[in-house]
Amino acid sequence: MPELNQTPVIRVRGLISRFGAQVVHDGLDMEVQSNEIFGVVGGSGTGKTVLLRTILGLRAPDAGTVEMHGRDVRQLAVADRSSLVRSYGVTFQSGALISSLTVAQNIQLPLREYYPVSEKTLDELAELNLALVGLAPDAGTKYPSQLSGGMVKRAALARALSLEPKLLFLDEPTAGLDPISAAAFDGLLLYLHSQLRLTVVMITHDLDTLFRTCSRVGVIVDGRMISDTLDGLLQNQNPWIHDYFHGPRARAAEKDTHG
Amino acid sequence: MTVLKLEGEGDDWRLHLNGDWSLASMAQIEVQLNDLPDTLRGTLVCDWSRAEAPGIGPAWALLMRLTDLGARHLDVRHTGNPPHYLELLQKLKAERHAARAASTPPPILERSVGKLGRWAVLQGTEARAVIGFFGRIVTVLREALSRPRALRPSSLARHIYETGITAIPIVSLIAFLISVIVAYLGAQQLGRFGADIFVVDLVTISVLREMGVLLTAIIVAGRSGSAFAAEIGVMQLNEETDALRAMGMNPIELLVVPRVLALIIVMPLLTVIADAMGLAGGGLLSLVNLHIPLSQYIDRLRESLSPTTFWSGLIKAPVFAILIAMVGTYRGMQVRDSARELGRLTTVAVVESIFLVILADALFAIFFVQIDF
C-alpha cells in the first residue's frame, strides 16, 4: 500500500498537450506513489501514450510540470538526467526490440552501454532477466522477428528490467495477447512487483489486468485525470467512467476478481 | 575497493560482502568473484550485513559463481539480512540448471564445407528467384493487354512525378557541370595544337553517346532505385505486402510494375534533358573560354554529329531504366525481419543497379562499334 506523506514518485501538474488546434490534455494532474501499480485508462485518442511520452521526456509539455522523485525532469542537468533515465524501465506498445539484435543482445544493450563487465557476466545477466520474465534460455538466441506476440512482450519487459529499475512504465503490455498469456502476464507483473518492490505505471485497456493488478487507476476524461482506487471509480458518476466500469466487459472482469 | 572478503579454513568458510553491491560495481564484483579459490569445501556462509544496496544482477552473479565452485562440495548459507529476492533467484537458478543443455559447435572443416554448400545453394535459388520475378512482371504486363486497369494509371502518374519531374533540376545541373568540365579540360589539351574547335566535337559526342544517359542513370539509381527498395522494404516489414496478397491483390501489379513502367517512360525524357543541358554547358564554355560564338558552335555541332549519335545514347535509356527499377523493387521485396536488412538491401540495390548499368553500357559500346552504329 502507498505510504502517505511521502514524495510521490511521479507528480504531473497542470499538463497541457496540444497538437495544432486539438487540445489533448487540458490541465492534467497525476500522482504516483512509491510501490503502487498505477493504471492509466481512457478512450482512444485521449492521450494516454502522449502522457507517457511526456513523463519520459520524449515530448515537451506545452504547459505544466512533470516531476520525478520531487524534481522537475525538464530542469535537470545532463548527468542527473542520464542517471534518472537509468532508474526506470520502459516497454513500448509494439515491444520496440531492436530488430537486428537477438533477444539476449537486446537485454544486454543497456548493460553494455553503462557497465563495463565481461561477456560471461553479460550472458549470465541476460539469462537472469529471461528467467525473471519466464522465457526459456534458448529464446535469448532468437531474433525479435522469430518471436510470438506474447514472447515479444516478455522480452521487452526483460530488457526494461535489465538495469534493475525501481520504476517501470508499461504501454499496453497485454494488448494483442490471448487471454491465457495475458493472465500469465498479469501474474508475472504481480510477482515481480512483490519480489522486486517495483512501482509500475501501466497504460492498459485490458479490464482484467486493471482489476487484477492495479492498486489505483487514473482515468483521462476531457483532458483531465481522475485518479482513485478501483472501488472509488466504480462509484464515480462521471458518465464516461460509469460506462467504462459498468459496461458488459467490465462487469465480467469485476465478477472474476471480486467474486 | 574490496567487495568480497573470504575468511576461514578447512571445512568452515565465511564470505563477507562489503561496500556497494549494486549493478554499478558489477565490474569489481565480477573480478573478485573470479578470484575466489575453487578449492572451497564444507560450509560457506555469505554474510550480507555490510553489503550496500545489493542489486539483483550482482546477487545472481554470486549465486552462479558459487555454483561453478562446486555446489556438491559446498553447503552455502546466507546470513545478515540477505536481499528479499534471493529466494526468487535461487529458485530461478535451480530451474535454469535443469534446463541448460550443452551444445558443441561442429568441427571447422565441416563448418566451412557447410558454408560453401549453403552459399552455392543460395546463389542457385537467388538466380531462380530473379528469373521468377521477371516472369511475374511480364505476366502482369501481358494481362494488362486485356485489362488496362492493371497498369494502375494513378500510381504510374505518381511515380512518373516522383522519379521524373522532381529529378529534372539535379539531372540538369549535373549534366551541365560535367560537360563544362569536359569542355574545359578538353580545351586545355586541344588548345596546344590550335584545335580549339574540336572541343565542340568532344563535348557533343561524349555527352550524346555516353555521358547524358550514364549520368542520368546513375542519378536515378541513387535517387529512385534506393527509394524503391526502401519503400517496398518498409511495406514488407509492416506486413503491408502480405495484407495486399491476403486481399487478393498482386503486389507485383500494385507496387513493382508501376515503378518499372514509370522509369521506362521517364528515363529517356530525362536523358533528352541531360543531353540538352550538356550541350548548353559545352556551348557556354566555348563562348566564354574559347570565344567561339554560339552560331559557330551550333554549325560545328551539326557537322560533328552523325545521324545515329543521338539515338545511340537514347536507346540505352529504357534498358538502364529496366535494370534500375527491377533491381530496386526486387531488393525491396527481399526485405525480411529487421531494420538492418532494409538498410543492407537498399545499399545492395543502389550498388548493383549502378554496376549493371555500367556493365550494360560497356556491352552497348562494343555492340555499336561492331555494327558501326
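FYI, side chains are in, hydrogens and waters are out, and symmetry mates aren't considered; it's all heavy atoms of this structure. Per chain, numbering begins at 1; letters A, B, ... match sequence-line order. Because the structure is predicted, anything quoted here is derived from the model rather than measured.
Side-chain contact between A:L111 and B:L23 is present, with at least one heavy-atom pair separated by less than 4.5 Å.
Contact count against chain A (heavy-atom pairs under 4.5 Å) is highest for B:G55 among B:P83, B:A61, B:G55. Heavy-atom pairs under 4.5 Å with chain A peak, among B:A339, B:A24, B:S22, at B:A24.
Neither the backbone nor the side chain of A:Y114 has a heavy atom closer than 4.5 Å to any heavy atom of chain B. For a residue to count as touching a neighbouring chain, one of its non-hydrogen atoms must lie under 4.5 Å from one of that chain's; by this rule A:Y115 touches chain B with the side chain only. Proximity to chain B is absent for every atom of A:I98, based on heavy atoms less than 4.5 angstrom apart. Of the two parts of B:L237, neither the backbone nor the side chain holds a non-hydrogen atom closer than 4.5 Å to a non-hydrogen atom of chain A.
A 6.0 Å sphere centred on OH of A:Y191 holds more than 12 heavy atoms belonging to other residues, nucleotides or ligands. Around the CG atom of B:N81, the shell of radius 6.0 Å holds no more than 12 heavy atoms that belong to other residues, nucleotides or ligands. The 12-atom threshold is exceeded at CZ of A:R81, counting heavy atoms of other residues, nucleotides or ligands nearer than 6.0 Å. By the 6.0 Å contact criterion, CD1 on B:I108 is open, its count of non-hydrogen atoms from other residues, nucleotides or ligands being 12 or less. Crowding of B:E126 atom CD: a count of heavy atoms from other residues, nucleotides or ligands under 6.0 Å exceeding 12. The environment of CD in B:E87 is sparse: at most 12 heavy-atom neighbours from other residues, nucleotides or ligands sit within 6.0 Å.
Here the OG atom belonging to A:S100 is positioned 12.5 Å from the CZ atom belonging to B:R344, to the nearest 0.5 angstrom. Taking CD from B:E30 and CG from A:L122, the interatomic distance works out to 8.0 Å, rounded to the nearest 0.5 Å. Once rounded to the nearest 0.5 Å, the distance linking CG of A:L101 with CZ of B:R340 reads 6.5 Å. The distance from the CG atom of A:L132 to the CH2 atom of B:W60 is 8.0 Å, given to the nearest 0.5 Å. For the atom pair CD of A:E124 and OG1 of B:T67, the computed distance is 9.0 Å after rounding to the nearest 0.5 Å. Atom CG in A:L128 sits 7.0 Å away from atom CD1 in B:I56 (nearest 0.5 Å).
Minimum interatomic distance between B:G57 and A:L125 (heavy atoms only, all atoms of both residues): CA-CD2, 3.3 Å. Heavy atoms only, all atoms of each residue included: A:E164 and B:P58 are closest at OE2-CD, 3.8 Å. For the pair A:V117 and B:A27, the tightest heavy-atom approach, listed with the atom from each and the gap, is CG1-N, 3.7 Å.
At distances below 3.5 Å, not a single donor-acceptor pair connects side-chain atoms of A:Q195 with backbone N or O atoms of B:L88.
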